[in-house]
Amino acid sequence: MRQHDTLFIGGEWVAPAGTGTIEVISPHTEEIVGRVPEGTAEDMERAVAAAREAFDHGPWPRMTFAERAATIGRLAAIYNERQGEMAALITEEMGSPISFSNLAQAPQPLGMLQYYAELGATFEQEEQRPGLFGPITVRREPVGVVAAVVPWNVPQFVTMTKVAPALLAGCTIVLKPAPETPLDAYLLAEWAAEAGLPAGVLNIVVAGREVSEHLISHSGVDKVAFTGSTAAGRRIGAICGEQLKRVSLELGGKSAAIILDDADLPASMGFLTVAALMNNGQACVAQTRILASRHRYDEVVDAIAGMVNSQPVGDPADPATGIGPLVAKRQQDRVESYIKLGMDEGAKVVVGGLDRPHSRGWYVSPTVFSGVSNDMRIAREEIFGPVLAVIPYEDEADAVRIANDSDYGLAGTVWTADTDHGMDVARQVRTGTYGVNCFMLETNAPFGGYKASGIGRELGPEGLDNYLEYKTIARLG
């Protein structure tokens, strides 16, 4: 078992103010695999004070972009050497299949570090422009102390969407990991110290909701970066709005995969497996609404059912596993309640249902519903598990209408033999990221959502903008 008795504050491992602990439970075995201190409001005060001191008086914000990029590059090099360790740790703490952890949970955070290190090597702090009466200098400065609050589903991925650009900008950070998945953050802290990150630039305190809100509302925090549920995002947005505090929110999704009549179904299923079922369905970008024309509806339902049935359900540490357990008992209960709800709404269970595939661990049966209308709750609400709803459409215009008929707008895909036509469809769907015959997130392109899926963008140069203030300096003579 991984036992941690300290918090990472001010570049040191310090004793917590309280005596509470958080136990990390394996979703596969239901056994304790780790234990960390539960942070208190006093611990958050110390963490914010350390970040504030490092920002107001330390060297980090006063370095050039290239100097900060060099340190980020050292952290990336350490990450690169030990990414297998990070992948295995995330699988252990939250149940992500090791195949997905090796594909995304560790490599994508590494890619973000590498991207921002490369971007910073040539990034200019000041830009000269002509003005009406003389030259204008546009200066980029760090926004200040950042509170980064991250979820449990892809903990390092989400951490790096915030930490990597914030570091490059010159900000200092208080990172608040989810209580379900704190262990990967401890490993990151070790690597950051080894890379030579100055004291107080990155501080890590694991805590529950009340202490997290203390961090978010703290007057010493200049910006909040949050990923999580839309409900929590509304609360955080309200706090930040009241304080006129900078905020970015990456929230929920209910993404639609439009399968056009000319799509090659066998080929599409290979890619849609990842797009729809990644991370045991615990992904805000998962394509969980499958839109099929009435002309090919039964054929698509059969193909989706075959795809889901082909995924072995079991030990997430087994490379052969396609779908592992959900992160916690409450998540298992939540997903099963939606499966029951879908039955009650009149949808037909084609695959799966309420019979659990394993007696131990927080597993659910991957489930496919047919006969779903877009007004059913299983088609409108984010389930966050391996539950797919196949929805019929009349024609392409109807498919686009259904895709857009959602409170969310985070991701989506279209599957077609004509990629140029697929691009036309992509331009009509109101969502932040989209794929034609694929789905992926690129480190050099913005990621974020429309509507209730959030505010702001992460990744790419747009992600760096989240952590910069722009100052205009005009002069005469």
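From a predicted model like this one, the values you see are computed outputs, not experimental measurements.
Here the side chains of T91 and F100 are not in contact, with every heavy-atom distance at 4.5 Å or above. A heavy-atom distance below 4.5 Å is found between the side chains of Y434 and V414.
Considering all non-hydrogen atoms of both residues, M278 and A283 come closest at CG-CB, 3.6 Å. For the residue pair I216 and C240, the shortest heavy atom distance occurs at CG2-SG, 4.4 Å.
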Side chains of residues 249-258: which donor-acceptor pairs under 3.5 Å do they make with residues two or more places apart or in other chains?
unit_1 : atom_1 : unit_2 : atom_2 : d
K254   : NZ     : I378   : O      : 3.0
K254   : NZ     : E381   : O      : 2.9
S255   : OG     : A411   : N      : 3.4
S255   : OG     : A411   : O      : 3.1

Could you give the side-chain donor-acceptor pairs of residues 200-211 under 3.5 Å, partners two or more places apart or in another chain?
unit_1 : atom_1 : unit_2 : atom_2 : d
N203   : OD1    : G10    : N      : 2.7
N203   : ND2    : I173   : O      : 3.0
N203   : ND2    : G200   : O      : 2.9

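Applying the side chain to side chain donor-acceptor pair (under 3.5 Å) test to pairs two or more places apart or on separate chains, those with a residue in residues 226-237 are K162-T227, E213-R235. Screening residues 91-118 for salt bridge (Lys or Arg N to Asp or Glu O under 4.0 Å), with sequence neighbours left out, gives R2-E92.
No hydrogens or angles considered: nothing links the side chains of K245 and S217 as a donor-acceptor pair under 3.5 Å. No side-chain N or O of R140 forms a donor-acceptor pair with one of Q125 less than 3.5 Å apart. R475 and T137 form a side-chain donor-acceptor contact under 3.5 Å, judged by distance and modelled atom types alone.
The ring pair (Phe, Tyr, Trp, His ring centres under 6.0 Å) check on F384 picks up W152, with sequence neighbours excluded. Residues satisfying the salt bridge (charged side-chain N to carboxylate O under 4.0 Å, His left out) criterion with E190, sequence neighbours excluded, are absent altogether.
Relative orientation of the Y186 and W13 rings is parallel, given thresholds of 30° and 60° on the angle between their planes.
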